[in-house]
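Take a look at the structure set out below.
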Amino acid sequence: MRRPKNREPSAQNRQVEAGRGSVSVSVCMCVRLHACARQLLSRLEDTTLWQAALKHPLGASAEVSRAAGFQDRQYRLQRRLWTQIDLEASDGEGRGDTEMMQQETAPVPALSKKTKQPKECFLVQPKETKEDATKTRKRRKKKITDVLAKSEPKPGTPEDLQKLMKDYYSSNRSVIELEELNLPDSCFLKANDLTHSLSSYLKEICPKWVKLRKNHNEKKSVLMLIICSSALRALELIRSMTAFRGDSKVMKLFAKHIKVQEQVKLLEKRVVHLGVGTPGRIKELIKQGGLNLNPLKFLVFDWNWRDQKLRRMMDIPEIRKEVFELLEMGVLSLCKSESLKLGLF
């Protein structure tokens, strides 16, 4: 049979449902009271009260407390505690939950420790003593310019040329060979005393230049050869000797913008009286047969002139090497036979 829609519950069912509701409410109240009791008891510092409260929840009587050995003061404190529990339970169910959550989530205050402030640190550099300063300084190497700047200019002498030759060949020549390199004093002309120009010096060492120039008709040769350190210096010498050369034909014997083959062709075509150039190019012309040294009468070195670095011609290692190589290519033998004269300008 179908149950009617508007059927009212019986009185017995109502009592059962009311009992169930009251039981559930009482159980919830007990759970809340127990939680609040544990929360408040945790605040007590005395451990004996905490143990007693756990043994006798919901308020122990005065006789039980005295039988347990508690003092009057502890008993009054316990009774006050349970009255506070009843008041908090009556306020409502939600209040206990919020307090529990707040206490659980409340951060524990950290113990205040005296933080040490960082101290500033200063690095003190050790003071350098005079001995350390002298050790760290590097000695500056002496350069040729420093030595020559302090020294007074002195005119070159034949002894200077002889000494340079011995120093250059002493490492690879024997004593006998070094003696053979010595040139007689008769092959040297008067040296320049730093008072002459090139024209005046050449007139002094060669007073019969006009006669020699007229008698010279051989090609691939020169009567006078002037050796200098660079092409620019050679051009300066050519311009400064106009008073001496006259109608003489002068040829540039250096490697700047002029090929060796062109110079060889010029020496083959015409007669040249004066040659001004560098030792490297003159040596190359002799090797290729473009220049013959046998008709040569005067060989003049631009000895005393200094460049921007205050170096003389023989102070430059490359030029010095080429000069000595040139002397070995027949110049020394001509000097010993007294057919060639050497001059230091």
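What you see is a predicted model, and the numbers here were worked out from it, not measured in a lab.
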Which one of Leu253, Leu326, Val276 satisfies the side chain to side chain contact (heavy atoms under 4.5 Å, CB included) criterion with Ile227? Leu326
Side chain to side chain contact (heavy atoms under 4.5 Å, CB included), paired with Trp209, selected from Met224, Lys203, Lys214: Met224
With a 4.5 Å cut-off on side-chain heavy-atom distances among I, L, V, M, F, W and Y, is there a chain of contacts connecting Val331 to Leu189?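 The answer is no; the residues belong to distinct hydrophobic clusters.
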Would you say that [X] contacts [Y] through its side chain, given a criterion of any heavy-atom pair below 4.5 Å between the two side chains?
| X | Y | result |
| --- | --- | --- |
| Leu342 | Cys335 | yes |
| Val300 | Leu225 | no |
| Trp305 | Cys228 | no |
| Ser186 | Glu338 | yes |

Answer yes or no: are there more than 12 heavy-atom neighbours, outside Lys252 itself, under 6.0 Å from its atom NZ? no
If you count every heavy atom of other residues, nucleotides or ligands that lies below 6.0 Å from Asn215 atom CG, does the total exceed 12?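 Counting other residues, nucleotides and ligands, CG of Asn215 exceeds 12 neighbours.
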Does a side chain donor of either Ser170 or Asp167 reach within less than 3.5 Å of an acceptor in the other side chain?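 There is no such pair (donor and acceptor under 3.5 Å, judged by atom type) between the side chains of Ser170 and Asp167.
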Distance-only polar pair, side chains of Ser339 and Ser337, donor-acceptor under 3.5 Å: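 Judged by distance alone, the side chains do pair up.
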Regarding [X] and [Y], does a basic nitrogen lie under 4.0 Å from an acidic carboxylate oxygen?
| X | Y | value |
| --- | --- | --- |
| Arg233 | Glu236 | yes |
| Glu268 | Lys220 | yes |
| Arg173 | Glu328 | yes |
| Asp315 | Arg312 | yes |

Result of checking Lys287, Arg281, Gln288 against Glu284 for side chain to side chain donor-acceptor pair (under 3.5 Å):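 Only one of Lys287, Arg281, Gln288 forms a side chain to side chain donor-acceptor pair (under 3.5 Å) with Glu284, namely Gln288.
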Residue pair Phe345, Trp303: steps toward the side chain to side chain contact (heavy atoms under 4.5 Å, CB included) verdict: CA-CA 5 Å; Phe345 172 69; Trp303 190 275; 6.0 Å; no
